[in-house]
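All chains are named by letter (A, B, ...) in the order of the sequence lines, taking the proteins before the strands, and each is independently numbered beginning at 1. Because the structure is predicted, anything quoted here is derived from the model rather than measured.
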Amino acid sequence: MAYWSSELKEEEFERARRGISIKSFSKGNYLCHVGDRLDQWTGVASGIAVIGMVSAKGKATSLIGVPQGGWFGEGTVLKGEPRRYDVILLRDSEIAFMNRPTFLWLFENSVAFNRHLVRMLNERLAYFIALAEYHRLLDATGRLARNIAWLFNPVLSPRIGLHIEITQEEIAMLTGVSRQVANKSLQSLEAEGLLNVGHGSITVLDLQKLSRYGE
DNA sequence: TCATTAAATTGTT
DNA sequence: AACAATTTAATGA
C-alpha cells in the first residue's frame, strides 16, 4: 500500500512537507487530553500511540492503537473542535504534526489527499463496527487476534510491515484484557502458527487468518 | 569485547 | 496481584 504522501502531486507534497513538524516524545507522555485544543493532524513517525479515554470512575479504556505510519485527529481538525479523547504514547515516539491551514488547503485542493482521507475513514469505520461485533461474539483470544490484525491494517498503518515492537502488557491494554490472558492468548496464537512472539515484540505470520480468527 | 549488574518483560500461580 | 525465570540494556574494565 502506497503511503499517502507519495500519491500527492509535486506541489501538494511540498506544501504538506512545509506544514509538518516533527517532535520527539518519551514513553508514557500524553499527546493531548480530552478537551485540549490541538488542531493539528497527527501522525506517528515512529513508536506507537494509543487513543483512549478515562471514565468518570477513573478507569482507562483504550479504543485504538496507532502504530508507526498511522495518522489520526482529522475529525478534530475538520470540525475545529476540542479533542474528545486522550492520546498516550506507549513508547518513545516521534510524532508529526500537520498544521490546520495546511490540512485544510490539502482538503480543498488535493484529490489524492481526499482519496486517502476517505479510504482511512472508511477503514476506521470498519474497525469500530468490527469492534462492536466481535466484542460480543469472540473470546479473549479472538479479540486479541483481531486487535493485532487491525494494528497491522495496511490502510491505517501502511508503514508497519509484519513486525512490531510491543509488549504483552501493552497488547493487553489495547485489547482490554489482563496481561495474563493476553499472555495465554498469544501463546495459543503462536502454537497455531499465526504469529511469533518475541521478547517485547510480535511478528505476524498469517495476517489473513489472524483477522478472521474465531469465525 | 566480555563480564557483571540492573531493568524490563514474560510465564506462572 | 505477586513471584520467579528469562531477556535485554547499560556499565565499566
Phosphate oxygens OP1/OP2 of B:dG11: is one of them under 4.0 Å from a side-chain N or O of A:N183? yes
With no hydrogens and no angle check, do the side chains of A:N99 and A:Q40 hold a donor and an acceptor under 3.5 Å apart? no
So A:E12 and A:R15, salt bridge (Lys or Arg N to Asp or Glu O under 4.0 Å) or not? Walk me through it. CA-CA 5 Å; A:E12 298 167 350; A:R15 193 118 179 186; over 6 Å; no
Which of parallel (below 30°), tilted (30 to 60°) and perpendicular (above 60°) describes A:F103 and A:F107? parallel
How many Å lie between CZ on A:R179 and C1' on C:dA5, as a whole number? 12 Å
Starting at atom CG of A:L90, determine the distance to atom P of B:dA8, rounded to an integer number of angstrom. 16 Å
What is the distance, rounded to the nearest whole Å, between atom CD1 of A:I166 and atom P of C:dT7? 21 Å
Under 4.0 Å between a side-chain N/O of A:K184 and OP1 or OP2 of B:dT12, yes or no? yes
Only one of A:F72, A:W4, A:W105 passes ring pair (Phe, Tyr, Trp, His ring centres under 6.0 Å) with A:W41, and that residue is A:W4
What's the CD-C1' distance between A:Q168 and B:dT10, to the nearest Å? 6 Å
Quickly work out the A:I171 CD1 to B:dT10 P distance and round it to whole Å. 8 Å
Any side-chain N or O of A:Q187 less than 4.0 Å from the OP1 or OP2 oxygen of B:dT12? yes
Report the distance from atom CG of A:L144 to atom P of B:dT10, rounded to the nearest whole Å. 12 Å
Measure CG/A:D92 against C1'/C:dT8 and give the value in whole Å, please. 15 Å
Rounded to whole Å, the NZ-P distance (A:K27 to B:dA7) equals 14 Å
